Amino acid sequence: MLKLFSSLLAFSLVISGFLVVNAGDLHSADSLKLVASREKNPELKARMLIKIANVLIDQKDKNSYVFAENAWKIADSIRNDELLAEAAVAAGIAFRLRNNYSKSASFLISATDRYRALGKIPETGYCLRQLSETYRASGELSQAEKYLLQALRVYTSLNDTLNLAVTYNRLAATTYEQYYNDPEFLKIFDKKIKDPLVFRQAIDAVPVLWKRVLLLNHYIRQTLLYSENERSLRDNKISTGIIKAGLLGSRMQYEEACALLYTIVDSIKAGNNQDDLPLALFNLSTCLLGAGKPEQAEIVARESYRLALEKDIKIYLILSAKALHEVYVALGDYQKAYHYLDLFIRLRRENYNADVDLKLNEVKYSSELRHRELEISNRDTRIRLIVLSFTGISLTIVIFIIVLFFKNKKLSVLNNSLRESNRVISDQNQQLVKLNSERTLFFSIIAHDLRNPLSGFRSLTELMASGMSNMTNDEINQALNLLKTSSDRIYELLENLLQWSRIQNGLITYTPEKLNLTDLLVDCAGLLEGAATSKNIIIRVLVSHDCRVTGDRKMLETVIRNLASNAIKFSYPNNEIRLRCAINSEVMTVSVEDDGAGMTEETLASLFNQEPSKPDEGTRGETGTGLGLILCRDFLLKHNSELKIQSKPGKGSIFSFSLKVTPE
């Protein structure tokens, strides 16, 4: 029963958070269609088609994609980027309603890129969250989590509490699905432990599962915290309650889960929006079956199936069919059980075909993205060569003219001119030395850091391609985990290289604002809670007052996050990390302290030398790019501050920086 409850309930969470554009308009869709058909101006026609699509999306009409796609074609023909982005969002959501996840992802990725280029931050966050919903619907949970964390950073920077509540809810749903799908969870379940207490103890003894439980509870708390004063988030609270009930059920706490779901069902019936009712009834039926009440489970499951059929929602039909199969197995009615099992298999097969299309589309998009980045890199190189050549020619001509002009001048004037020329050449030589050093560091990092994970990635894929049929499940899972580690390493390296490159080229601007460092420390602790929990490390935020300063929020967030991540990397399991903020006169000092491996004086002296070196490994063999502290140093320089380091081998390290206090 536990496996039934966990798998079906988690699968149901795929669709619990689908958000659509609210097209609250006084006109009906039919009247809008009539007006649009007569409109001659292409921009106005496209906007009307988008509005029609959004009205139909709000009504869950699966034909909404026709109007969204036509709007996108018109916007493309008139080269209107903002209109293209709006149409792409509508098309992405509309195709998801049709279970066409491949097209949905393509349109939403396009919309995200365009909004980023236009500098529209809230719209970018919304697209990222919609993109995560498409990947969750297809079962690609790691991709869904990646886009949700990006959306979380966007809404945190905007301090948008409403969207933070929704994003935390989606993170909770995604984390629950990862939790119940974890091989360690399934391995314990296969032992068929009947005692709930013994079962929970076995689950909690596995670090990766305990980490996911802690992270899930954190996301649930954050959702409820941000939803507390938002009346418009009633459905979000209901969804969060369903997730919490799922966690209870997966830990064999069936009675508590049933009690919570009965309350949720009553709350939905009392409201105007009953779209989540079939989902809640489905979850209640699985809980009742897990609690050993198949007769009650049958009544609730049949009602869930009826509503799913009435609303024509495929995912609900899949879930309800599987639930009814298990119910009739428990009741001994094998004829009905076989009927619903056959229905479940047919519906799942259709859904699987959609999943394959999405994965192929993701590979194609990644390839196109790499090709585009290579073209941009080649173009930039050509531009630099042209500029350098032009500068050299111009400098030669200027020197020649100066020589001719001052030929008959006094010797003293000529000497002054020569000294000035020598100074210019000396400055240019220093710049060339610096550029050469940076280029050497850049290529060294690529040679040393990027080659190893790519080599491992290539070797593992060749191994799986040639011998996967002879590999056991454990070997396949181990290989996949290694592939994920390599891809995470490559992604981290490229992120740091991009940040470092933008700093060197002056593309990152310093944008000061009044900040409370206490909030940044608390947010950092929350974002890194998962990484710390994996090593059983506690992050403590030790602040007894508001720490108000003036600075660039994104730069300071990057500095604190890099320092805290570094502390986790070099801390031993079962230790703690302390994030402090202290005031001394008119200066605010932020420090990140750990009791980990520490550094020798030789290592301290070489931290910021821009020379090729292999970064030290963490206490569990973690590796880094070696650019993290350099990024911190450069960002702090823009704040007229510097990074101070105290460290002793085996005693831990203290990284700190100071900023001027800003009066309230």
Side-chain angles (χ1 to χ4, degrees), residues 1-19 133 136 141 144-145 148 152 164-182 185 196-197 199-200 203-204 209-230 233-271 273 275-291 297 300 304 319 323 526 529-530 533:
M1 295 304 174
L2 175 61
K3 185 174 183 180
L4 163 70
F5 177 82
S6 298
S7 60
L8 295 185
L9 180 57
F11 187 35
S12 71
L13 293 174
V14 171
I15 44 79
S16 65
F18 282 1
L19 303 176
E133 288 301 322
R136 286 189 65 249
L141 300 179
E145 182 183 38
L148 280 172
L152 186 66
L164 279 171
V166 176
T167 305
Y168 272 119
N169 169 270
R170 297 295 83 215
L171 277 167
T174 304
T175 302
Y176 177 79
E177 293 175 55
Q178 291 174 323
Y179 161 73
Y180 93 89
N181 275 318
D182 195 287
F185 178 88
L197 181 59
F199 178 78
R200 286 194 291 274
I203 292 292
D204 295 342
L209 298 180
W210 179 236
K211 166 192 168 184
R212 292 200 188 281
V213 170
L214 290 177
L215 196 58
L216 179 54
N217 282 320
H218 168 71
Y219 289 147
I220 290 173
R221 286 194 302 271
Q222 291 296 100
T223 302
L224 297 177
L225 174 66
Y226 284 110
S227 302
E228 185 175 0
N229 298 319
E230 297 286 350
L233 292 177
R234 173 182 173 273
D235 293 342
N236 200 56
K237 294 177 184 177
I238 289 174
S239 173
T240 305
I242 294 174
I243 296 169
K244 185 175 181 180
L247 180 60
L248 291 170
S250 71
R251 295 169 65 82
M252 296 181 72
Q253 296 172 271
Y254 295 121
E255 295 297 336
E256 294 176 55
C258 286
L260 179 57
L261 285 167
Y262 272 122
T263 302
I264 291 171
V265 169
D266 291 340
S267 177
I268 295 174
K269 289 181 177 179
N273 183 5
D275 288 343
D276 285 335
L277 184 56
L279 174 63
L281 290 171
F282 157 75
N283 290 320
L284 180 56
S285 72
T286 59
C287 286
L288 290 168
L289 190 59
V300 177
S304 174
L319 299 172
E529 184 178 0
T533 303

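This is a predicted model, so every value here is computed, not measured.
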Heavy-atom closest contact ([X] atom, [Y] atom, distance):
X	Y	answer
Leu260	Gly241	CD2-O, 3.4 Å
Ala165	Tyr226	CB-CB, 3.6 Å
Tyr176	Gly246	OH-O, 3.0 Å
Leu261	Cys287	CD1-SG, 3.3 Å
Ala297	Ser285	CB-O, 3.4 Å
Val300	Leu288	CG2-CD1, 3.9 Å

Walk me through it: do Ile264 and Ile268 pass the test side chain to side chain contact (heavy atoms under 4.5 Å, CB included)? CA-CA 6 Å; Ile264 291 171; Ile268 295 174; 4.0 Å; yes
Roughly how far apart are [X] [atom1] and [Y] [atom2], rounded to 0.5 Å?
X	Y	atom1	atom2	answer
Lys211	Tyr179	NZ	OH	14.5 Å
Ile242	Phe282	CD1	CZ	10.5 Å
Ser250	Phe199	OG	CZ	7.0 Å
Leu277	Ile238	CG	CD1	9.5 Å
Lys244	Glu256	NZ	CD	9.0 Å
Leu215	Glu529	CG	CD	6.5 Å

Answer whether the closest heavy-atom distance between the side chains of Ser227 and Thr240 falls below 4.5 Å.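 They are not in side-chain contact.
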Any side-chain heavy-atom pair from Ile243 and Leu247 closer than 4.5 angstrom?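 When only atoms from C-beta onward are counted, Leu247 and Ile243 do not touch, as no gap falls below 4.5 Å.
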Does the [X] side chain pair with the main chain of [Y], one donor and one acceptor, at a distance under 3.5 Å?
X	Y	result
Thr286	Asn283	yes
Tyr168	Ile220	no
Arg251	Arg200	no

Does Arg170 form a side chain to side chain contact (heavy atoms under 4.5 Å, CB included) with Arg136? I'd like the steps, not just the answer. CA-CA 10 Å; Arg170 297 295 83 215; Arg136 286 189 65 249; 2.9 Å; yes
Please evaluate residues Asn169 and Ser239 with respect to the criterion side-chain hydrogen bond (donor to acceptor under 3.5 Å, both in side chains), reporting the C-alpha separation (whole Å), side-chain torsions for both, the decisive distance (0.1 Å), and the verdict. CA-CA 8 Å; Asn169 169 270; Ser239 173; 3.3 Å; yes
Option among Asn217, Leu216, Leu209 that satisfies the side chain to side chain contact (heavy atoms under 4.5 Å, CB included) test with Val213: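 Filter result, single survivor: Asn217.
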